[in-house]
Amino acid sequence: MAPDTKRYWLMKTEPSTFSFDDLWRAPKRTTSWDGVRNYQARNMMRDDMKPGDLVFIYHSSADPTGIAGIAEVVRGGYPDESAFDEKDSHYDPKSKRDNPAWYVVDVKAVKPFKEIVTLESLRKMKGLEKMTLLQKGSRLSVQPVTPDEWAIINKAAG
DNA sequence: GCCAACGTTGGC
DNA sequence: GCCAACGTTGGC
């Protein structure tokens with residue numbers, strides 16, 4: 001892969017539902033990141049996230065909230081099966097197999113952080129002032145991370 | 001549990 | 001196309 005096509009991301013999850021540890025223990029340390037029902041997030045998963053991209057896994061509604069580790073995209077966007085399943089809590093009747101409304105990517109856990117890099121500590125780090133996660137009211141569950149932001153956080157994680 | 005901020009829906 | 005009402009997110 002050409003270096004300038006490498007991208008970085010952050011994905012949120014509630015660890016009471018699915019944590020970084022759950023991903024670490026999953027078969028092949030891999031899961032399909034299903035159930036995302038936001039168009040901006042959908043567009044990024046469908047169009048922009050490619051195998052080899054790296055992803056911070058962020059724990060929301062947790063104690064503490066923060067980044068738990070790093071995952072890698074191992075499969076780019078493809079239709080979210082859970083949207084087609086009437087019995088699934090993420091079922092969406094407007095998503096059709098011949099015209100899917102929602103997409104997933106597959107991610108594989110590659111590195112747990114020794115300690116959660118907490119939201120509180122992120123807010124104190126120089127250079128993250130413009131990070132999407134830290135903007136007031138930001139609730140995008142899939143978001144891009146700049147290479148600079150990635151490096152700052154990765155270094156702080158040790 | 002509270003509630004501000006946000007995205008989506010639907011009446012008009 | 002506007003926008004009020006509603007449901008959800010997510011920090012605290």
Side-chain angles (χ1 to χ4, degrees), chain A residues 7-26 31-49 53-73 76-107 109-146 148-150 152-158:
Chain A
R7 299 187 199 222
Y8 300 97
W9 307 94
L10 179 147
M11 292 172 123
K12 296 178 184 174
T13 183
E14 295 195 18
S16 59
T17 303
F18 189 83
S19 68
F20 185 87
D21 280 349
D22 292 331
L23 181 60
W24 189 258
R25 289 191 298 260
T31 196
S32 71
W33 205 263
D34 64 7
V36 174
R37 297 291 179 267
N38 169 281
Y39 289 106
Q40 243 183 298
R42 186 279 310 270
N43 292 347
M44 287 186 276
M45 291 201 295
R46 185 189 59 190
D47 304 333
D48 301 326
M49 299 182 79
D53 289 358
L54 296 176
V55 185
F56 284 140
I57 303 298
Y58 178 87
H59 284 175
S60 62
S61 299
D63 188 15
T65 58
I67 300 169
I70 296 173
E72 178 183 0
V73 178
Y78 64 101
D80 185 344
E81 285 293 320
S82 71
F84 304 134
D85 181 358
E86 282 184 50
K87 295 180 186 66
D88 195 287
S89 62
H90 299 295
Y91 173 65
D92 183 349
K94 69 177 175 291
S95 189
K96 307 294 184 192
R97 285 184 185 279
D98 60 1
N99 188 19
W102 304 113
Y103 283 74
V104 299
V105 296
D106 288 355
V107 295
V110 296
K111 182 186 174 187
F113 287 158
K114 282 188 194 145
E115 295 180 356
I116 301 272
V117 177
T118 65
L119 178 61
E120 187 184 13
S121 69
L122 291 169
R123 290 197 188 283
K124 291 175 183 164
M125 289 180 200
K126 271 272 189 292
L128 300 186
E129 294 80 10
K130 293 183 177 171
M131 190 178 180
T132 303
L133 179 75
L134 305 183
Q135 303 314 302
K136 181 177 163 119
S138 166
R139 30 183 267 195
L140 246 194
S141 63
V142 177
Q143 48 182 267
V145 173
T146 69
D148 285 349
E149 290 164 352
W150 184 274
I152 290 165
I153 295 166
N154 210 22
K155 187 176 177 188

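When reading the values below, keep in mind they use all heavy atoms of this one structure, side chains included, and skip hydrogens, waters and symmetry mates. For clarity, every value in this text was computed on a predicted model and none was experimentally measured. Just so we're on the same page: letters track the sequence lines, and every chain starts at 1.
Between W150(A) and F56(A), the ring planes are parallel. Angles under 30° get that label, and only those over 60° would be called perpendicular.
Residues Y39(A) and W102(A) place their aromatic rings such that the two centres sit under 6.0 Å apart.
For the side-chain hydrogen bond (donor to acceptor under 3.5 Å, both in side chains) test, no residue two or more places apart in sequence or in another chain qualifies with T132(A).
The line from CG of L140(A) to CD of Q135(A) is 11.5 Å long, rounded to the nearest 0.5 Å. Interatomic distance, OG of S95(A) versus CD of E81(A), reported as 9.5 Å (0.5 Å rounding).
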Open item on the list: Can you build the contact string for nucleotides 5-12 of chain C? Use B for base contact, S for sugar-phosphate-only contact, and - for no protein heavy atom under 4.0 Å.
Closed with: --BBSBSS

